[in-house]
Amino acid sequence: MNEVRTRFAPSPTGYLHIGGLRTALYAYLIAKKNNGKFLLRIEDTDQDRFVEGAIEVIYKTLKLVGLQHDEGPDIGGPYGPYIQSERKPIYLKYAKELVERGGAYYCFCSKERLDQLREEAARNNTVFKYDGHCRNLSRDEVERRLQAGEPYVIRQKVPYTGTTSFHDELFGTITVENSTLEDGILIKSDGLPTYNFANVVDDHLMKINPVVRGSEYLSSTPKYNLIYESFGWEIPKYIHLAPVMKEPGKKLSKREGDASFEDFYNKGFLKEAIVNYVALLGWSPGDDREFFTMDELIEAFDIKGLSKSPAIFDINKMRWMNSEYIKKLSLEEFHKMALPYYKDAGLPDNMNLLRLSSLIQGRIEILSDIPDIVAFLKVMPEYEADLFVHKKSKTTLENSYENLAKAIEVLEMLEEWTEERIHQVLIDLITQLGVKNSQLLWPVRVAASGKLVTPGGAAEILGLLGKNESMRRLHIGLDKLKAALNL
RNA sequence: GCUCCCAUGGUCAAGUGGUCAAGACACCGCCCUCUCACGGCGGUAACAGGGGUUCGAAUCCCCUUGGGAGUGCCA
């Protein structure tokens with residue numbers, strides 16, 4: 001049995017899309033599940049699409065999420081180079097061999113001629129298909145035009161009749177009529193191969209098996225098999241993956257800046273949560289488990305659990321999963337991650353931020369939720385007096401005014417300004433007054449925060465704010481109530 | 001248009017001829033509670049439609065419909 005070797009073969013066109021990450025993950029899992037190798041190959045045969053720095057983003061991302069490759073451009077390996085543009089001579093050599101073997105031919109058709117054909121096709125409401133103009137040029141003519149330095153491409157010679165089949169581990173056997181296939185270009189006029197040729201040559205030379213890739217390659221796979229056959233190469237196993245879709249209603253677009261791993265990561269999604277969520281998008285372990293470490297994924301992964309239909313990316317569920325990961329963090333770990341956000345929010349340094357972290361850890365889904373939820377600690381929001389009125393807590397403007405005034409009295413006298421003492425003093429007051437907890441605590445919390453919803457209750461907020469700021473805010477609240485009551 | 005693929009709740013999905021058709025997210029209700037969240041409990045919600053095969057179909061076959069992909073000197 002041969003070694004299992006899978007590859008992730010992105011083109012350096014920018015950020016790593018979430019669908020690409022999933023493809024890489026599955027390829028990695030398949031390799032590791034079988035004690036095989038996972039390699040990285042850069043498919044940059046389209047020089048027009050090259051984006052500066054894109055390869056580095058790929059390295060960085062794969063490393064960050066723990067999909068460490070065993071062979072690749074940055075670490076080398078026995079089958080390099082691993083960047084296609086550096087393999088240029090290899091492809092040409094094999095293309096020429098393919099011509100000799102009758103699986104390909106030189107084509108001298110100009111761009112203009114092709115465009116004209118395309119136009120005609122459009123006018124006739126049909127689809128352009130290369131007409132085979134150069135398919136049967138004589139050897140001499142080809143030689144003569146090559147000598148003359150005419151620009152050329154090399155095209156695949158697909159049989160006009162018959163059928164071609166291939167077997168996919170997931171989709172089963174798929175058969176197509178050769179007449180629906182086209183004589184695609186293998187070597188471009190710039191001498192570089194197209195993907196259609198490079199992937200076959202590289203996968204063979206790099207001993208890739210199985211070939212794991214998106215299902216968009218399903219319909220061109222017969223053409224690849226024809227190439228393998230012409231060379232007499234062993235055909236690899238195929239595992240085609242159903243795509244990840246954007247939710248129709250909501251846009252998950254590049255424009256919105258939230259379709260790539262990096263964007264999610266920067267928004268405060270934990271890398272483990274992203275990987276975990278993405279793993280479950282199109283794959284199921286067959287049982288109810290839904291939280292996995294990378295090692296657990298390797299253990300649990302089986303291509304039998306792969307789905308054949310497209311999966312819609314649900315940011316909502318990923319947020320939920322992220323919140324679960326946040327809750328699992330130790331307070332210290334979470335605090336460390338939250339700190340930069342506190343800084344951005346401009347919270348005072350002397351505030352007990354560790355305590356704040358413990359209050360918000362269970363209340364946020366992603367890290368970037370933090371600024372909004374803590375903003376009131378820096379600047380007291382504007383609010384209306386009717387915020388004090390809450391039916392469930394049985395508070396009115398009147399009793400809020402009375403109770404808040406009493407709370408201010410006892411707090412004013414409190415020297416040791418700790419959360420515990422504040423709480424104690426307020427509870428004692430409640431007992432003494434014989435009111436419901438909420439009737440006192442509600443107005444205090446509202447006055448302290450100016451908000452309907454806060455992380456933590458009255459005592460926690462007062463504790464965070466410190467005595468000076470607390471008393472200032474409570475008095476503002478009292479004044480608001482006074483004004484509202486026309487006192 | 002042509003070719004290929006796919007089809008269980010709004011979403012992710014289990015299910016492989018006999019189940020009251022799992023579970024999760026979201027949503028709703030109740031409990032907890034000084035608010036919200038967390039947590040606990042409960043609920044609404046699905047086999048796209050039509051034909052077959054079979055004693056019996058979500059599971060097998062065909063058609064329709066819907067969705068996806070390919071049809072580039074992109075990958």
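Not measured: the values here are computed from a predicted model. Here is the naming used below: chain letters follow the sequence lines, and residue numbers restart at 1 for every chain.
- Nucleic acid contact for A:D46: sugar-phosphate only, since backbone atoms but no base atoms lie under 4.0 Å from a heavy atom of the residue.
- Within 3.5 Å, a donor on the side chain of A:K317 pairs with an acceptor on the base of B:rA24, or the reverse.
- A cation-pi contact, defined as under 6.0 Å to the ring centre and within 45° of the axis, links A:R118 to A:F128.
- At least one side-chain nitrogen or oxygen of A:K188 sits closer than 4.0 Å to the OP1 or OP2 atom of B:rA75.
- If you check B:rG39, B:rA75, B:rG1 against the side chain of A:T194, the one that comes closest is B:rA75.
- With hydrogens and angles left out, the side chain of A:S189 and the base of B:rC73 share a donor-acceptor pair within 3.5 Å.
- B:rC74 atom C1' lies 9 Å from atom CG of A:N196, rounded to whole Å.
- Using modelled atom types, one finds a donor on one side chain and an acceptor on the other under 3.5 Å when comparing A:D183 with A:Y105.
- Comparing the C1' positions of B:rC5 and B:rG51 gives an interatomic distance of 23 Å, to the nearest angstrom.
- For B:rA69, its base never sits under 3.5 Å from the side chain of A:Y217 at any donor and acceptor pair.
- Using a 30° and 60° split on the angle between ring planes, A:F166 and A:Y238 fall in the perpendicular class, above 60°.
- Rounded to a whole angstrom, the distance from the P atom of B:rG9 to that of B:rC2 is 28 Å.
- Pair check for B:rC20 finds none; no Watson-Crick or G-U wobble contact set falls under 3.5 Å.
- For A:V176, the listed nucleotide lying nearest its side chain is B:rU3; candidates were B:rC5, B:rC34, B:rU3.
- Taking atom P on both B:rA22 and B:rG15, the two are 14 Å apart, rounded to the nearest angstrom.
- Minimum atom distance to the side chain of A:M245 is reached by B:rG68, of the listed B:rG70, B:rG72, B:rG68.
- Looking only at atom types and distance, the side chain of A:H240 has a donor-acceptor partner in the side chain of A:T221 under 3.5 Å away.
- B:rU35 atom P lies 11 Å from atom CG of A:L452, rounded to whole Å.
- Distances from the side chain of A:Y195 to the nucleotides B:rA13, B:rA75, B:rU11 place B:rA75 closest.
- Side-chain proximity of A:L218 to B:rA75, B:rC73, B:rC5: nearest is B:rC5.
- A:R445 and A:T454 share a donor-acceptor pair across their side chains, judged by distance under 3.5 Å alone.
- Inspection of the A:N196 and A:Y224 side chains reveals an N or O donor paired with an N or O acceptor under 3.5 Å.
- Separating the C1' atom of B:rA48 from that of B:rU65 is a span of 7 Å, rounded to the nearest Å.
- Nucleotide B:rU33 forms a pair with no other nucleotide shown, judged by Watson-Crick or G-U wobble geometry with both contacts under 3.5 Å.
- Nucleotides B:rU53 and B:rU59 are separated by 15 Å at their P atoms, to the nearest Å.
- Nucleotides B:rA75 and B:rA13 are separated by 30 Å at their C1' atoms, to the nearest Å.
- Between the C1' atoms of B:rG40 and B:rC32, the separation comes to 8 Å (whole Å).
- Taking every side-chain heavy atom of A:R118 into account, B:rC73 is the closest of B:rA75, B:rU35, B:rC73.
- Pair check for B:rU3 finds B:rA69; Watson-Crick or G-U wobble, both atom distances under 3.5 Å.
- Closest contact between the side chain of A:E290 and the listed nucleotides B:rA24, B:rC73, B:rG23 involves B:rA24.
- Taking atom C1' on both B:rG1 and B:rG10, the two are 33 Å apart, rounded to the nearest angstrom.
- The residue A:Q84 sits apart from the nucleic acid: no heavy atom pair falls under 4.0 Å.
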